[in-house]
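Values below: every heavy atom of this structure, side chains too, minus hydrogens, waters and symmetry copies.
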Amino acid sequence: MVSEAAQEVLEDLWTTIVENKKTFLDASNYAPEVIAELKEHGLIALKGKQVKMTGKGEKESAMAIRRHRLAERLLADVFNTVDQVLDDHACRLEHALFDGLDEAICTLLGHPHFCPHGKPIPEGKCCEKKLETIRPIIVPLSEMRPNEQGQIAYVHMSQRDLLDKMLAMGILPGNDITLIQRSPSFVFKSGHSQFAVDEEIASEIFIRIRRH
Amino acid sequence: MMNEQNLEVDKKNAFASSQTRKKKKHAKIVIVGSPNVGKSVLFNTLTGAYVTVSNYPGTTVELSNGKGRLNSISLNIIDTPGMYRLLPITEEERVARNVLINESPDVVIHVVDAKNLNRMLPMTLQLKNAGLPVFLVINMMDEADRLSIKIDPAQIEHILQIPVVTTALARNRGIKELKKRLSEFLQTETQFSDNHRGVEIPYPPLIKKAIQTISSLLKSRYALSANMLAYLFLLGDKEVRKMIEEKEPDSVFQQIKETREKVKAAYHVGLDLEIAKSERALTDQILKKAVKSSAEKATTPTGFLDRLFLSPYTGFPIIILVLYLFYLFVGVLGAQTIVDFLEISVFGQYVNPLVNKLLVSWVPWQPIRDLFGGEYGIITLGIRYAIAIILPIVGTFFLAFSFIEDSGYLPRLALLVDRFFKKIGLNGRAVLPIVLGFGCDTMATVVTRTLETKRERIISTLLLTLAIPCSAQLGVLLAMASTNPKVLWVWIGIVLMIFFLVGFLSSKLMPGVRPSFYIELPPLRFPRPTNILVKTYTRMEWYFKEVLPFFVLASVLLWLGQLTGLFELIVNGMKPLMSWMGLPGDTAVAFIFGFFRRDYGAAGLYDLRGILTGNQLLISITVMTLFVPCIAQFAVTIKERGIKTALGMFFFVMLFAFGSGIVLHKFFAFTGIVL
């Protein structure tokens, strides 16, 4: 396991090279000993000041970014942390998510695909196997059972204008909802109104299930 | 946590010039609100019978405009399409919003559902923030009462600094009070006359600051308040952006754009979500003070009847039952009983003989006699057709349809059929134009404009043109097909198959995003009779204004065709085509009629039914079903979809109809099947 500072560099490598499609990361912005540490672990390749990832490094940085974004998801969805301090707390929390804790949280949150800012969360082993030993706290509406109650945790629409439509109809995070039926369309109740949506939309509205 | 201070009246937030509303003689009122809250009921209450429905300039969205009188003030009232918030998404919402911007109304009546104030008040806040003279009507109090929701309108009035009244319009409750307050609002200087007073929405500091920055940069004159413009600009409203770009100097526009980029970057999840949350937060705070509801009834229980409609096990049988009742009312009562009476007794025995007698004694020239009377005359065919056949069928159809529409059944129907409709590139919402098509394809084609994407509009127009027979035609075709039950079922099977096949193929061929389905389910209610009658009346009026001229035109064209011999030429020219389909040459006459009206054609076939074999019967009614509906529907398709698309569809449908006839004939000849 590398130091916390080195993990931050791994995260930067991921966002710079994998997500923003740059060819390298500039080493001069980081402390030389951190770069040396990564090199020693065989995670990066250095060419002058240009840092690139090795195959092993890419896997590690995917996991580092995954821990960070899972931490954000946990803080935002379960603890309702406000946007302004989210990143700060997530930076500290992520370093605790080792030894299977990341997978436990991922399962708990229903294997989320995106962080609260809409950036993708790389998949872990648990996502591939869909280990559902415990029922997640947050599930998409499409996985609720009839008569189950919950609160909208977040809405992640793949089409931008769909989010606008949901907002316009008053489907907002924080709303209490009850699922009425799943077929042939998803019908749910929120307040004194009933709505019907198709499966695609239902899989993009995420619900914090109420337990009795 | 939010500050209680937010609820204090904020006077600093002043903008625009305030108008004095004293002693008005004329007043312009715009009614706004989400769908299904009772806007049109209020509209009908405030207006008399003088209602005009017209297209909003440059669009295809219809607006109802009516005149009314309140004490000594004459009112001009505009009813707008349903709108959930000031930032428009659909074309209808854009029209509703632009009416607010451009009409400079004296009063904006916002109608809301008492049960769902938490979802509806955010728009009241937006209207108020826009500097519009808002008058809030909290409707459906009867339903709120039943749920033990207690609303204190005085409290909301005090906080928002706008007049608030509570009503149950469908039960005629609260109308007197509403009129009294409305006339006060129009005629006297009250505490509410100053639009600038009100509450402030607790936006996060960054957003609040951006709104302030942008609104202070706006120097030109606008119909909306600078605050509202800034707000809409932040949310990415394209029209407001254009408006600002045109009116402000480049440097200012750049500054405004940069301000937006900066806030946008701070909220990755979406500025709109953040703003919606703030508005909801203020709403919740207001409701905490003004609404008491018993906790155990926090949600409406889903009624027994509703469960039956929604569940797939009972829902689908109910669709069949509803369609059957619909058929009994329209197909039997309208298309048979009333049509027979009008056509055989009234026109057959009195009107037509009288017209012909008068023509014989007063008009010496045969051609002119034929223009008005005789076989294809304007009166004996065109007018008779319109009044004796179309009026009863379309009248009963619109009556039944308005009843179903007002009962809240259509959205439930939509959610049941959504999965099937997805297969043909549409979504559940398209059930509205398709069902309407069984009444009148022309009107249904107009209604396709309510669908969201161009792709859906084209596919549904094509399906209407091709495979949905209208009520007038359906009556005749059913009567013909029922003489041979085998033909009836094979015909239904073939048409259904073609409907899904063509839908499926066109959804594969046409590029575009998969349609998504979402709909709010209004509560089931027993419709209000006067509302149904008004709706039916306006639809009939539209129908006669738009469609009757085409009947007359068709009569004139047929008359011209006969007179010049062109008609016979075309009939003879089409005879080979008829024989390719194995039909007698005389059926060509029916198909030419069919060009002017698909149901004319059907009626023409009906006369030939004696000489047709089972196979010929099937082929002819199938081709007639698939045929282009009528000249009026074609005209509307041009208007709605453009000439290129309309012509393309026209030729495709003609080829497809006759092609199917030829294929069926070859199939029967090859297999030796006899029906």
Quiz item: Which of the residues B:Leu87, B:Leu416, B:Leu235, B:Val417 is involved in the greatest number of heavy-atom pairs with chain A at under 4.5 angstrom?
Solution: B:Leu416
Exercise. Identify which of A:Ile171, A:Leu162, A:Asp176 forms the greatest number of heavy-atom pairs closer than 4.5 Å to chain B.
Key: A:Leu162
Practice problem: Determine, for B:Arg525 against B:Glu143, whether the closest basic-nitrogen to carboxylate-oxygen distance falls under 4.0 angstrom. | Solution: yes
Quiz item: Picking from B:Met123, B:Arg85, B:Met83, which has the most non-hydrogen pairs under 4.5 angstrom with chain A?
Solution: B:Arg85
Exercise. Specify which of A:Met166, A:Met169, A:Glu199 makes the most heavy-atom pairs with chain B at under 4.5 Å.
Key: A:Met169
Self-check item: Contact leader toward chain B among A:Gly170, A:Ala196, A:Gly174, where contacts are heavy-atom pairs under 4.5 Å
Solution: A:Ala196
Self-check item: Top contributor to chain A interface from B:Tyr518, B:Tyr84, B:Phe316 [non-hydrogen pairs under 4.5 Å]
Solution: B:Tyr518
Practice problem: Any side chain to side chain donor-acceptor pair (under 3.5 Å) involving residues 60-70 of chain A? Give me the pairs, sequence neighbours left out, ordered by first then second residue. | Solution: A:Glu19-A:Arg69, A:His68-A:Glu72, A:His68-A:Asp87, A:His68-A:Glu94
Quiz item: Does a side-chain N-to-carboxylate-O contact under 4.0 Å join B:Arg119 and B:Asp113?
Solution: no
Quiz prompt | Flag for B:Glu279-B:Gln126: side-chain donor and acceptor within less than 3.5 Å | solution = yes
Quiz item: Just how far is it from atom CD1 of B:Ile275 to atom CD1 of B:Ile207, taken to the nearest 0.5 Å?
Solution: 4.5 Å
Quiz item: Does any heavy atom of chain B fall under 4.5 Å from the side chain of A:Asn175, the backbone, both, or neither of them?
Solution: side chain
Exercise. Before accepting this row, confirm whether a basic side-chain N of the pair B:Asp145/B:Lys150 lies closer than 4.0 Å to the acidic partner's carboxylate O.
Key: no
Exercise. Go through the atoms of B:Pro515 and report whether side chain, backbone, both or neither lie under 4.5 Å from a heavy atom of chain A.
Key: backbone
Self-check item: Residue pairs passing the ring pair (Phe, Tyr, Trp, His ring centres under 6.0 Å) test where at least one lies in residues 146-175 of chain A, sequence neighbours excluded
Solution: A:Phe114-A:His156, A:Tyr154-A:Phe206
Practice problem: Please determine, among B:Glu93, B:Lys277, B:Arg412, B:Arg419, the option with the most heavy-atom pairs under 4.5 Å with chain A. | Solution: B:Arg419
